[in-house]
Amino acid sequence: MTSYTKRTHTCGELREIHIGQTVTVTGWVDVRRDLGGVVFIDLRDRYGKTQVVFAPQHDITAYEKAQSLRSEYVISVTGKVERRPVGTENPELPTGTIDITAMELQILNKAETPPFPIEDAIDVSEELRLKYRYLDLRRPMMQRNLLARHRFYQITRAYYDRHGFIEVETPILMKSTPEGARDFLVPSRIHRGKFYALPQSPQTYKQILMVAGYDRYFQIVKCFRDEDLRADRQPEFTQIDVEMSFVDENDVLATTEGLIAELWSGILNVDVKVPFHRLTYKEAMEKYGSDKPDTRFRLEIADCSDIVAKSSFRIFSETVAQGGVVAGFAVPGQATITRNQLDGLTDLAKSLGAGGLVYVRVTDEKVESSVDKFVSPEEVKSIASRIGAKAGDLGLLISGPWQKALSILGSLRLEMANRLNLIPKGKWNFLWVTDFPLLEYSEEEKRFVAVHHPFTSPKPEDAGLLDTDPLKARARAYDLVLNGNEIAGGSIRIYNSELQSKMFGLLGIGPEEAKAKFGFLLEAFKYGAPPHGGIAYGVDRMVMLMTGMKSIRDVMAFPKTSSGLSLMDDSPSAVDEKQLKELHIRTI
RNA sequence: GGGAUCGUAGCUCAGUUUGGUUAGAGCGCCUGCCUGUCACGCAGGAGGCCGCGGGUUCGAGUCCCGUCGGUCCCGCCA
């Protein structure tokens, strides 16, 4: 039994067709306007707002009670839907042609004055929003974001179900594995000194599901990585995890494109053109200086190494001689950029590891550069021509090792696009980046590490390189990029235990360690592993982009701050000595 | 681990450059008046550990050191 009158309608649904009906609405007091003889209340729930009028001629008790109402009081109001007097309609509200004249008011709960108003246009620190997250989540914008996220889940489930995929849950308590990000560890009470790890992804489980014959799997799953946070990175985040058997890259990519199209049409009513453009990693780096290029604007990079290979400017010629690149891009109309701004760009380049930044200014009369003392005018002209700098344009050049120089150019490219407002709104530039290197060398660990993960298959034609020149081997890996954001990544996997063992060997994981850490997977591969591959999507990032947010925190109900704290419930926090003892743990 | 930036009323900020009387503004809040408002209006009022700790100084919101917290970035993120 409820002790209050339940709602007959939500606060968003009453219209002129309801005029004359007696209704009950429940919700939160959005704002109170007390005119003395009459009190107006905007009542809010997640469906909308409806104005309620309290006046003595309708009901004196309700009117008197309404004087005490304050923001965020929770009430139930019964009254009659009436047409608003001519001239008092509110065109801002969908319910603005009617209001409810109150006959009964029940105050279900009082509320303290909130530390910030419950509305979209707030100018308040994120710290405060996170501390009072339940109030922040009452704001229409946050409700819209979480609703979009909900729609995302529903469309995803329906799509994969329709295509024969089955959703399988995999453990949250699993084995800690080497490689990749730092694990979150969970001490075992029963097994003294042993630990579970929270999954960085369900990678090994989904591959084993393929061995088990569940040839189309998906899961909406939390993943955990104990690394530093960013606007688009949280220690726990959500992936759509997918794996398919008896497929190649094209099958995975096409299946993914189908889902993306349905998500964008279902949530944003946007038609996404498929298939998406594909770029190899090499092309992406050389043209955009990034493995997740933003193609909404140009500023494309051109290689000038051949022009300066014999240059008397030794920084250029020696870079080329050592196998590096001299490359750059043109910035239209920026020949007049100030010395000060150029210094800023130079500082940015240096902070990213560049030795320096060379610029070229093209005017109607001449082409001048910051290295005119060292580089011949013919070379400077050729460079300007190569990068496509015309009269009035600025050219920016970086020299250095291939990946480093191009990456810095990629950062400068983004910086210039932002400064000059070159990034158009409302564009959805999806593209695939393929043919990543399989391995890279880690200076820190003095060994090869997997670019994607250790289960990624090399391209068949590069298999021989594993023995001769492993860094040259390309992977059957692919990333989905949207407007310069990596939103999904996957690969065709190794399904042969010998090849997998060889991979571990290359990664410096010896047979003993491989057996200890991944023995179950190698063992499983001996019992009939099908060829398989898959992909995982970053749900938070995708919903962030879809809702136009700048941080994934705005599409997560309860995110952490950039130092990993939860300001609402104050976690992490100290625990009782008793708990530690049970877990055989001592803090140092 | 490193860099940048911020922390003053419930909120958003000014004041810090150049130390000096009683730390201000807008919004919000409270009280009163007001019967068609919707950023209601009008009048009045309350509200401060200047993040915290230490130092310099006759004197610190202001200078110095440390620390805690927010945001962004580099490293890190198979």
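Convention: sequence-line order gives letters A, B, ...; per-chain numbering from 1. Basis for what follows: all heavy atoms, side chains included, without hydrogens, waters or symmetry-related copies.
Among the heavy atoms of the strands lying under 4.0 Å from A:Ser563 are primed sugar atoms or P, OP1, OP2 only; no base atom is included. Across all strands, A:Thr561 comes closer than 4.0 Å only to sugar-phosphate atoms, never to a base (heavy-atom distances). Among the heavy atoms of the strands, none lies under 4.0 Å from A:Pro178. Heavy atoms of A:Val39 sit nowhere under 4.0 angstrom from any nucleic acid atom. Across all strands, A:Arg129 comes closer than 4.0 Å to no nucleic acid atom at all (heavy-atom distances).
Atom CD in A:Gln67 sits roughly 11 Å away from atom P in B:C34 (whole-Å rounding). Residue A:Tyr132 contributes atom OH, which lies 19 Å from atom P of B:G28 at whole-angstrom precision. Atom CD in A:Glu119 sits roughly 14 Å away from atom P in B:C27 (whole-Å rounding). Atom CZ in A:Phe224 sits roughly 16 Å away from atom C1' in B:C77 (whole-Å rounding). Distance, A:Glu112 CD to B:C11 P: 14 Å, rounded to whole Å. Rounded to whole angstrom, the span from the CG atom of A:Asp347 across to the P atom of B:C74 amounts to 17 Å. Taking atom CD of residue A:Glu440 and atom C1' of nucleotide B:C76, one finds them 12 Å apart after rounding to whole Å. Rounded to an integer number of Å, the gap from CD of A:Glu126 to P of B:C72 is 7 Å.
Partner of A:Met549 under the side chain to side chain contact (heavy atoms under 4.5 Å, CB included) criterion, chosen from A:Asp540, A:Asp232, A:Asp554: A:Asp554.
Side-chain polar atoms of A:Tyr217 and A:Asp241 form a donor-acceptor pair below 3.5 angstrom.
Formation of a donor-acceptor pair under 3.5 Å by the A:Glu227 side chain with backbone atoms of A:Arg182 is found in this model. With A:Gln234 contributing its side chain and A:Lys560 its backbone, the two residues share a donor-acceptor pair below 3.5 Å. With A:Lys404 contributing its side chain and A:Ala354 its backbone, the two residues share no donor-acceptor pair below 3.5 Å. Listed for the A:Lys446 side chain is a donor-acceptor partner under 3.5 Å among the backbone atoms of A:Glu443. Counting only distance, with no hydrogens or angles, the side chain of A:Gln500 and the backbone of A:Pro454 share a donor-acceptor pair below 3.5 Å.
Between A:Phe455 and A:His453, the ring-plane angle classifies as tilted under the 30° and 60° cut-offs. In this structure, A:Trp432 and A:Tyr478 have perpendicular ring planes: the angle between them is above 60°, well past the 30° mark. Ring planes of A:Phe518 and A:Phe504: parallel class, angle under 30° (limits at 30 and 60°).
With both ends at atom P, the span from B:G7 to B:U16 equals 13 Å, rounded to whole Å. Using P as the reference atom, B:C63 and B:G69 are 23 Å apart when rounded to the nearest Å. Look at the P atom in both B:G48 and B:A23: the space between them is 12 Å, to the nearest Å. Only the C1' atoms considered, B:G53 is 16 Å distant from B:G61, to the nearest whole Å. Comparing the P positions of B:A46 and B:C40 gives a spacing of 25 Å, expressed to the nearest Å. B:U17 sits 14 Å from B:C6 when the P atoms are compared, rounded to a whole Å. For B:C50 and B:U12, the C1' atoms lie 16 Å apart once the distance is rounded to whole Å. Annotation: B:G59 and B:A4 have their P atoms spaced 32 Å apart (nearest Å).
Across all strands shown, B:C27 is found opposite B:G10 as a Watson-Crick or G-U wobble partner, with both distances under 3.5 Å. Pair check for B:C72 finds B:G3; Watson-Crick or G-U wobble, both atom distances under 3.5 Å. Nucleotide B:G48 is matched to nothing when pairs are restricted to Watson-Crick or G-U wobble geometry with both distances under 3.5 angstrom.
Remark: nothing in residues 480-491 of chain A comes within less than 4.0 Å of RNA chain B through any heavy atom. Near-neighbour residues of RNA chain B inside residues 442-450 of chain A, defined by a heavy atom below 4.0 Å, number-ordered: A:Ala450.
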Nucleotides 1-10 of chain B: protein proximity per nucleotide (B base, S sugar-phosphate only, - neither; heavy atom, under 4.0 Å): B--------S
Contact state string [nucleotides 36-42 of chain B, B base, S sugar-phosphate only, - no protein heavy atom under 4.0 Å]: BBB-B--
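Residue pairs meeting the side chain to side chain donor-acceptor pair (under 3.5 Å) criterion with at least one partner in residues 408-419 of chain A, sequence neighbours excluded, are A:Glu415-A:Arg419. Within the structure, salt bridge (Lys or Arg N to Asp or Glu O under 4.0 Å) contacts touching residues 35-46 of chain A (residues at least two apart or in different chains) are A:Arg7-A:Asp45, A:Asp30-A:Arg44, A:Arg33-A:Asp42, A:Arg44-A:Glu72.
In this structure, CG in A:Leu409 is found 12.5 Å from CE in A:Met416, a value given to the nearest 0.5 Å. Distance check, rounded to the nearest 0.5 Å: CG of A:Leu14 to CG of A:Leu93 gives 12.0 Å.
Between A:Thr113 and B:C29, a side-chain N or O to OP1/OP2 separation shorter than 4.0 Å is absent.
Donor-acceptor pairing under 3.5 Å, judged by distance alone, is absent between the side chain of A:Arg225 and the base of B:C77.
With respect to the salt-bridge test (charged N to carboxylate O, under 4.0 angstrom), the residues A:Glu445 and A:Arg447 qualify.
Contact annotation: the side chain of A:Tyr288 never approaches that of A:Asp294 to less than 4.5 Å [non-hydrogen atoms, C-beta and beyond].
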